[in-house]
Amino acid sequence: MTNIINPGTLVVTGGSRGIGAAVAKLAAEHGYAVALNFASGKVEARKLVNEIAAAGGRAFAVQADVSREQEIVSMFATAEQELGPIKALVNNAGVTGGFARVEEVTAAAIEKVFAVNVMGAILCAREAVRRMSTRHGGTGGAIVNISSRAAHTGSAGEWVHYAATKGAIDSFTIGLAREVATEGIRVNAVAPGLVDTGLHAANGEPERLQRLMPTIPMQRPGQPREIAEGVLWLLSPAASYVTGAILQIGGGR
Ligand code: NAP
């Protein structure tokens, strides 16, 4: 365990499963009080909160659909009230919108994936900046956005609309990093390659990782914990001069 004393409250969106759950666990091990957000995964979120508590950490499950502004505003207020001043945000919640070539994709699917992956991330960052920026009386902090290697591969034939949301996240990361660089806040992104989570099966192809294995130079998918390690490094004082960076964790992909 890294020896960091009480780094403050971390809000992790989509903390009930996959990469978000691994971030929540590792952050608690690093001493963060974790506000673990979920949309529908109440049982999983509660279970993880109990696991963290049993290991001596501090966590609180907070429900919010990040595509809804009011729910985001309430989530930050609750997190602060339950766990104390917010010092970090990991924008992890994400959906793919499902497989569709561009000529087949529906407006509803595009709207949904941009609402969760882009608008949700920007509004969560807004709430975090309002609390952490020295411009608003805060004491600084760090934000990590979960992008994807899809922003660069483009995900042709699978979900170009999803890849486009991650391109937007990369631009947002660079822009916000520069906007708040003198206000005590660092903003970075982690771009995972193919990671072994339920995301692939949830989109109807449990064998997706197997199918795409030849495209991964290391010839294996990443584990959520391997993504979380990069996130925790970017949040930590060890990354004190890193802002606007997009850290690829993709086994070479
Ligand atoms: P996952 O296992 O499907 O988990 C998705 C998480 O997002 C769940 O905790 C889910 O919460 C939450 N979520 C979904 N919609 C939400 C909403 N409207 N409001 C709040 N939370 C919501 O996915 P994952 O693979 O861990 O992916 C996490 C992030 O990594 C995403 O941003 C994804 O795009 C990115 N990523 C994943 C991969 C990969 O290969 N897995 C690769 C690159 C990037 P509920 O359980 O409550 O629904």
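Remember, it's a predicted structure, so these values are computed and weren't measured experimentally. For the single chain, residues carry numbers from 1 onward in sequence order. Note that ligands are numbered from 1 as they come in the structure, with each ligand's atoms numbered from 1 the same way.
Residue pairs satisfying the ring pair (Phe, Tyr, Trp, His ring centres under 6.0 Å) criterion with at least one member in residues 50-99, sequence neighbours excluded, are listed as follows: F99-W159. Identified under the ring pair (Phe, Tyr, Trp, His ring centres under 6.0 Å) test for residues 194-229, with sequence neighbours left out: none.
Across all their heavy atoms, P221 and M213 have their closest contact at CD-SD, 3.6 Å. The two residues A79 and I86 come nearest to each other via the heavy atoms CB-CD1, 4.2 Å.
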Quick one: side chains of residues 15-25, donor-acceptor pairs under 3.5 Å with protein atoms, not counting sequence neighbours, listed by atom name and distance.
from, atom 1, to, atom 2, distance (Å)
K25, NZ, E51, OE1, 3.2

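With N117 as the partner, the side-chain hydrogen bond (donor to acceptor under 3.5 Å, both in side chains) test is satisfied by one option alone out of N145, N91, T165: T165.
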If you look at each N/O of ligand 1, which protein N/O atoms lie under 3.5 Å away, and at what distance?
from, atom 1, to, atom 2, distance (Å)
ligand 1, 3 (O), R17, NH1, 3.3
ligand 1, 9 (O), G14, O, 3.1
ligand 1, 9 (O), S16, OG, 2.8
ligand 1, 11 (O), S16, OG, 3.3
ligand 1, 18 (N), D65, OD1, 2.9
ligand 1, 19 (N), V66, N, 3.0
ligand 1, 25 (O), T197, OG1, 2.6
ligand 1, 26 (O), I19, N, 2.8
ligand 1, 32 (O), N92, O, 2.8
ligand 1, 32 (O), K166, NZ, 2.9
ligand 1, 34 (O), Y162, OH, 2.5
ligand 1, 34 (O), K166, NZ, 3.2
ligand 1, 40 (O), V195, N, 2.8
ligand 1, 40 (O), V195, O, 3.4
ligand 1, 40 (O), H200, NE2, 3.2
ligand 1, 41 (N), V195, O, 3.4
ligand 1, 41 (N), T197, OG1, 3.2
ligand 1, 46 (O), S16, OG, 2.7
ligand 1, 46 (O), R17, NE, 2.8
ligand 1, 46 (O), R17, NH2, 3.1
ligand 1, 47 (O), A39, N, 2.7
ligand 1, 47 (O), S40, N, 2.7
ligand 1, 47 (O), G41, N, 2.7
ligand 1, 48 (O), R17, NH2, 3.1
ligand 1, 48 (O), S40, OG, 3.1

